[in-house]
Amino acid sequence: MYTKDITFLLRVLGSSKQSGVLLIEDPGPDASPWLGQLQLDQGRVVSCVVSDQASGRVVLRNEEALQWLTARGRLKWQLQEEAILPPTPPPRLLPPGKDTRREDAYSTEPPPLPPAKNLLRAVPQRALTGNIAPANALVSREHRQVYALVDGQRTIEEIAQLLHRPSEFIIAILQDLQSQGFIV
């Protein structure tokens, strides 16, 4: 389907409270070298990426991607409604240090951590399911603060500095967020 521009399209999808993955391409006769993907939840844009179709590499993310798509004008689009919501809501997180594992249960802990100096330079990213999780899915203030700073650009060390917390504390929270599927 074609539309005048993305602003108009998002206004229509927003008023009808659509959820799903919005795929956007150039309507020209040749194959488009790029593909835009917007996650919509009840008409709100949750995330936006523009990727190179040949390599699949993400070129632009979120605000930059949305601005770039807005400048394209006329677009070809398709909404995949079933692609957005996970089958069950993500489970609530527990505060760091609270261990609810039983002896007879399989461990769901993430793999062992690499050496600390390399780990502090790691850049956590939000998972797709994390972007659509309700705000109350993160039960502690610390989890919400750390999750708010995970943007795919900040290192673990930078997050620890911004929150004035020890890196070990931030790593424990990030492990919780990762085990629950909020970040990768």
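The shortest distance between side-chain heavy atoms of Val59 and Trp34 does not fall below 4.5 Å. Side-chain atoms of Val123 and Ile156, non-hydrogen and from C-beta on, never get closer than 4.5 Å to each other. Taking the side chain as every heavy atom from C-beta outward, Gln178 and Val184 never approach each other to under 4.5 Å.
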| said: For Leu35 and Ile24: C-alpha separation, side-chain torsions, deciding distance, then whether side-chain contact (heavy atoms from CB on, under 4.5 Å) applies. | reply: CA-CA 6 Å; Leu35 175 67; Ile24 299 174; 6.0 Å; no
| field | Working for side-chain contact (heavy atoms from CB on, under 4.5 Å), residues Leu40 and Leu13 | value | CA-CA 9 Å; Leu40 299 175; Leu13 294 173; 3.7 Å; yes
| request: Please lay out, stage by stage, how Val21 and Gln39 fare under the test side-chain contact (heavy atoms from CB on, under 4.5 Å). | output: CA-CA 5 Å; Val21 176; Gln39 283 289 139; 3.0 Å; yes
| side-chain contact (heavy atoms from CB on, under 4.5 Å) between Leu9 and Leu75, intermediate numbers included | CA-CA 9 Å; Leu9 176 60; Leu75 301 167; 5.7 Å; no
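For residues 150-166, every residue pair satisfying the salt bridge (charged side-chain N to carboxylate O under 4.0 Å, His left out) rule, not counting sequence neighbours, is listed here: Glu142-Arg165, Asp151-Arg154. Listed by first and then second residue, the salt bridge (charged side-chain N to carboxylate O under 4.0 Å, His left out) pairs involving residues 57-72 amount to none (not counting sequence neighbours).
Checked options Val50, Val45, Leu23; the residue passing with Leu38 is Val45 (criterion: side-chain contact (heavy atoms from CB on, under 4.5 Å)).
In this structure, Arg126 is not positioned above the aromatic face of Phe182 in the sense of NZ or CZ being under 6.0 Å from the six-membered ring centre and within 45° of the axis.
In terms of hydrophobic clustering, with Ile, Leu, Val, Met, Phe, Trp and Tyr side chains grouped at heavy-atom distances under 4.5 Å, Leu162 and Val150 are assigned to a common cluster.
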